[in-house]
There are 2 protein chains.
Amino acid sequence: MTESMEIFEQYPGGIFPAGCTSRVLLDHVTSKWGVLVLVSLTDGPQRWSDLRRRAQGISEKMLAQTLKTLEGDGLVNREQQPVMPPRVDYSLTPLGEELAAVLVPLLQWVGRNADQIIGV
Amino acid sequence: MTESMEIFEQYPGGIFPAGCTSRVLLDHVTSKWGVLVLVSLTDGPQRWSDLRRRAQGISEKMLAQTLKTLEGDGLVNREQQPVMPPRVDYSLTPLGEELAAVLVPLLQWVGRNADQIIGV
DNA sequence: CGGAATCCGATCTGATACTG
DNA sequence: CAGTATCAGATCGGATTCCG
């Protein structure tokens with residue numbers, strides 16, 4: 001608890017001012033499906049239907065919305081081939097890879113500890 | 001991208017089955033306010049009013065709800081002293097400390113990159 | 001296949017008021 | 001100080017339908 005507390009040094013009064021860009025980005029990447037989509041993509045470029053399978057339970061609406069948000073943030077790349085039937089590949093940008101690298105440990109921790117925690 | 005991909009090894013078809021305990025816990029800890037409360041508490045035990053200041057913009061309703069959820073998950077401890085006026089201290093449990101340790105790098109990454117990302 | 005559009009209920013938020 | 005209760009409005013999220 002002694003190191004890497006730059007968050008408190010930067011903002012002594014609180015963690016990120018309310019409404020600042022950090023808050024917005026944090027909400028995007030910690031959104032219900034944002035985490036799962038980003039981590040899915042660490043496995044390499046994937047298509048719409050791949051992502052629907054990886055992020056089990058996501059609706060088409062939320063997949064579309066999540067991908068647009070992440071693309072708008074420069075975290076995800078969208079590549080469309082002009083063929084019929086259409087083929088679209090999603091992948092992480094370099095920035096997205098960086099982010100996913102800090103997200104994976106979170107997912108792993110959750111996976112290890114979920115059973116011991118829920119319904120204490 | 002080659003190491004620590006146990007998430008995909010565990011669940012080849014997707015990341016956590018929909019509705020499993022891992023998903024529930026993930027939703028709790030990545031909730032809009034859960035992240036901020038947990039990271040606030042890495043700075044040591046804090047009182048209700050401290051947390052309201054740290055997690056700028058949180059309403060009393062959401063602070064109460066977030067704390068109850070995290071307490072129910074065994075991530076946060078609530079200690080009430082029977083004095084008047086009442087004094088209540090919130091702190092991380094050992095499990096909560098573990099979790100916060102993987103959350104802090106995420107917050108730091110967001111803090112470093114938010115300005116370059118939003119509104120591309 | 002890869003979406004967009006629409007509707008609808010659940011959830012979140014803010015404001016206000018009240019309590020021990 | 002540390003909450004609880006309640007209500008209205010905004011937003012989120014899911015299910016369904018439709019389209020190139």
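Just so it is clear: chains get the letters A, B, ... in the order the sequence lines come, proteins before strands, and each one is counted from 1.
A close approach under 4.0 Å does occur between a side-chain nitrogen or oxygen of Arg47(A) and OP1 or OP2 of dG2(C). Side-chain N/O atoms of Arg78(A) include one lying less than 4.0 angstrom from OP1 or OP2 on dG3(C).
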> Where does DNA chain D pair, written as one dot-bracket string 5' to 3', with Watson-Crick or G-U pairs under 3.5 Å, ( ) inside the strand, [ ] for crossing pairs and | for another strand?
Replying inline: ||||||||||||||||||||
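Between the CG atom of Leu25(A) and the CG atom of Leu70(A) there is a distance of 9.5 Å, given to the nearest 0.5 Å. Atom CD of Glu79(A) and atom OH of Tyr90(A) lie 11.0 Å apart (nearest 0.5 Å).
Under the rule for a side chain to side chain contact (heavy atoms under 4.5 Å, CB included), the partners of Gln65(B) that lie at least two apart in sequence or sit in another chain are Met62(B). By the side chain to side chain donor-acceptor pair (under 3.5 Å) test, Gln80(B) pairs with Arg78(B), sequence neighbours left out. Take Arg112(A) and apply the salt bridge (Lys or Arg N to Asp or Glu O under 4.0 Å) test, not counting sequence neighbours, and it matches no residue. Partners of Trp33(A) under the side chain to side chain donor-acceptor pair (under 3.5 Å) rule, at least two apart in sequence or in another chain, do not exist in this structure. In this structure Asp50(B) satisfies the side chain to side chain contact (heavy atoms under 4.5 Å, CB included) test together with Gln46(B), Arg47(B), Arg53(B), sequence neighbours excluded. In this view, Trp48(A) satisfies the side chain to side chain donor-acceptor pair (under 3.5 Å) rule with no residue, not counting sequence neighbours.
The listed nucleotides are dA4(C), dT13(C), dG2(C); the one nearest the side chain of Met62(B) is dT13(C). The nucleotide whose nearest atom lies closest to any side-chain atom of Lys32(B) is, among dT13(C), dG20(C), dG2(C), dT13(C).
In this structure, Leu67(A) atom CG and dA4(C) atom C1' are separated by 14 Å, rounded to whole Å. For the pair Lys68(B) NZ and dC12(C) P, the interatomic distance rounds to 14 Å; values are reported in whole Å. Rounded to an integer number of Å, the gap from Tyr90(A) OH to dG3(C) C1' is 8 Å. The nearest whole Å value for the distance from the CD atom in Gln81(A) to the P atom in dG3(C) is 12 Å. Atom pair Gln80(A):CD and dG2(C):P shows a separation of 10 Å (rounding to whole Å applied).
Comparing Pro86(A) and Ser31(A) by the nucleotide of DNA chain D that holds the closest heavy atom to each, the one mapping nearer the 5' end is Ser31(A).
Residue pairs meeting the ring-ring contact (aromatic ring centres under 6.0 Å, His included) criterion with at least one member in residues 63-88 of chain A, sequence neighbours excluded, do not occur. A side-chain hydrogen bond (donor to acceptor under 3.5 Å, both in side chains) check over residues 17-31 of chain B, counting only residues at least two apart or in different chains, returns the pairs Lys32(A)-Asp27(B), Asp115(A)-Thr21(B), His28(B)-Asp73(B). Judged as a salt bridge (Lys or Arg N to Asp or Glu O under 4.0 Å), the pairs with a partner in residues 80-94 of chain B (not counting sequence neighbours) are, in order, Arg87(B)-Asp89(B).
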> How does protein reach along nucleotides 14-19 of chain C, written 5' to 3' as B (base within reach of a heavy atom under 4.0 Å), S (only sugar-phosphate), or - (no contact)?
Replying inline: B-----
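Side-chain N or O atoms of Thr66(A) include none that pairs as donor or acceptor with a backbone N or O of Leu63(A) at under 3.5 Å.
Within 4.0 Å (heavy atoms only), Arg52(B) reaches no atom of the nucleic acid at all. Within the 4.0 angstrom heavy-atom criterion, only backbone atoms of the sugar-phosphate kind lie near Gln65(B); the bases stay farther away.
Heavy-atom contacts of chain B under 4.0 Å fall on DNA chain D between two terminal nucleotides, which in 5' to 3' order are dC1(D) to dC7(D).
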